[in-house]
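Notes to accompany the following structure.
Naming: A, B, ... by sequence-line order, numbering from 1 per chain.
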There are 2 protein chains.
Amino acid sequence: MTQHKVISFETIRVACRNCNLATLCLPMGLCPEDVERLDGIVKRSRPLHRGDYLFRSGERFRSLYVVKTGSVKTYSPSEEGGEQVLGFHLPGEIIGLDAIEKDCHICSARVLETSAICEIPFARLEELTCCIPSLQHQMFRLLSKEIGHDTDMLLLLGKRNAEERLAAFLLSLSRRLQKRGLSPYDFYLSMSRHEIGNYLGLAVETVSRLFTRFQDEGLLHVDRKHVMIRDISGLESIVGHQPLEGNQQRSS
Amino acid sequence: MTQHKVISFETIRVACRNCNLATLCLPMGLCPEDVERLDGIVKRSRPLHRGDYLFRSGERFRSLYVVKTGSVKTYSPSEEGGEQVLGFHLPGEIIGLDAIEKDCHICSARVLETSAICEIPFARLEELTCCIPSLQHQMFRLLSKEIGHDTDMLLLLGKRNAEERLAAFLLSLSRRLQKRGLSPYDFYLSMSRHEIGNYLGLAVETVSRLFTRFQDEGLLHVDRKHVMIRDISGLESIVGHQPLEGNQQRSS
DNA sequence: CGTAGAGTTGAAACCCATCAACCCACGTGG
DNA sequence: CCACGTGGGTTGATGGGTTTCAACTCTACG
């Protein structure tokens, strides 16, 4: 809990620089007045708190959501209370693109820590994309990017062992934080070990063991949710270290 | 090889019913003249043969591709000749959506058997989507659908054991063939065991063992690439059989 | 008929999940 | 103020599902 205050201090600073949506995720190729129009349809909500829902699986799809500060997890709940974590979303990232097809949400989204979220009514966004070709193109790119990201995850889950998965996860966090102007080497995890394991297809115990192993190997220092990366190229070499032909387990 | 002839007979019959693109993947909400315009930008190429490339990783992105008959695999080649199979694409399915973001292909696509493929120049498609709001909406849905599909795969690779993965794979093929008017119970695999294993994150040997086990259990009959599903609900119960809370390995 | 590649089958090793116990931080209430 | 309970996190031992290695069969093809 105390950690959340720390990450909030960080993120609030950044929030000032990211006041409008365009800056967050649809930045390129728009003239100022189009940015204005885009900004005009964005709803800003009061801050949400840990555990609050953006939407629940099965609900009618109305809006996309953009994280301004804080973090959000998406997951698909299965009967019996079990759940599959689908992603963690940091500032500047968009949520809800998977709901467009069926016009209803197929996953749930909950806030992991106190967060500021923008809401973009999709119907109004579509009106704009019709008029603004460059905005339409950005939307296509955005959707395409999501597909590319899922592809990466697919590769991670299909071909990488536990060590590689956690290293890739940490590097992904690090890079995404850096992109938002936060420290890529020193950050707090807003999700539990259980959620990390669930996301990476690993048991909690495996995640825990790997954190301690990484620390023992001097790759990082970890204290509960506080992570400090000491040897980022070491982590990168774990991920880059591609087995030649073999499949899942380490083959060289 | 003899099998390929058989699947060709089947697919050629269907080809006649799927002459234009709109029927294949952008069917809804278009008036006849818009369908006409859409159809106007589609290039039809001569049949491609096993091993032919639709595009290679790294190439400039120009067009989307739609499978009319036959099948295509997409994969991301890694150095050293290893590859990760990303998907198998059957008639009516679209390829290349992941390339929009970076404006260059991040995976390669090769034809698995003699196939007919439509090419849709993306720049021209975007001109149309600007003018035709319902077409734009269909494009958004199409991209969103791809994300949803990737999500399913993510769940498969992250939480399912080998048995569940192969069962899900076979059911997916079965349903997609049925959607195109082909038999959901009797079909030929156009991909090798190696490619199936690669796709599902399993070793070839595991795939082979599972095929024989499924056959022993009366779920299906398999002779090389020829698959006959005997107990589809049996396969469904393997997939539906969700572990309550546990992660990867079978937990009940 | 001989080679090559795909597919199958068996035995052994191994990564990781599972089970269990324990530690620690935190909040509650006596 | 401290005992207590709870939930998250860690650590150890064990077992199991899959990979890996290896040998073999079968088909295709020259």
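- Nearest heavy-atom pair across B:V239 and B:R160 is O-NH2, 3.4 Å.
- Regarding B:N161, its CG atom lies at a distance of 14 Å from the C1' atom of C:dC16, rounded to whole Å.
- Here C:dA17 presents its P atom at 12 Å from CG of A:L166, a figure rounded to the nearest Å.
- We find that CG of B:D223 is positioned 18 Å from P of C:dA6, with the value rounded to whole Å.
- Following rounding to the nearest Å, B:H226 (NE2) and D:dT27 (P) show an atom-to-atom distance of 16 Å.
- Looking only at side-chain heavy atoms (C-beta outward), B:I238 and B:L166 stay at 4.5 Å or farther from each other.
- Using a 4.0 Å cut-off between a side-chain N of Lys or Arg and a carboxylate O of Asp or Glu, B:E83 and B:K73 qualify as a salt bridge.
- Between A:K159 atom NZ and C:dC15 atom P there is a gap of 18 Å when expressed in whole angstrom units.
- Between B:N198 atom CG and D:dT20 atom P there is a gap of 12 Å when expressed in whole angstrom units.
- In this structure, A:T74 and A:Y65 have side chains that are not in contact, with every pair of non-hydrogen atoms separated by 4.5 Å or more.
- Counting only residues at least two apart or in different chains, side-chain hydrogen bond (donor to acceptor under 3.5 Å, both in side chains) contacts with residues 202-214 of chain A comprise A:E163-A:R213.
- Considering only residues two or more places apart in sequence or on other chains, A:E59 meets the side chain to side chain contact (heavy atoms under 4.5 Å, CB included) condition with A:F55, A:R56, A:H105.
- In this structure, CG of B:L157 is placed 13 Å from P of D:dT18, rounded to the nearest angstrom.
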Report all interatomic pairs (protein N or O, nucleotide N or O of nucleotides 9-13 of chain D) with separations under 3.5 Å.
| unit_1 | atom_1 | unit_2 | atom_2 | d |
| --- | --- | --- | --- | --- |
| D:dG9 | OP1 | A:K225 | NZ | 3.2 |
| D:dG9 | OP2 | A:R193 | N | 3.1 |
| D:dT10 | OP1 | A:R193 | NH2 | 3.3 |
| D:dT10 | OP2 | A:R193 | NE | 2.9 |
| D:dT10 | OP2 | A:S208 | OG | 2.8 |
| D:dT10 | O5' | A:S208 | OG | 3.0 |
| D:dT11 | OP2 | A:T212 | OG1 | 3.3 |
| D:dG12 | N7 | A:R209 | NH1 | 2.8 |
| D:dG12 | O6 | A:R209 | NH2 | 3.3 |

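- With rounding to whole Å, A:L200 atom CG is found 15 Å from C:dA17 atom C1'.
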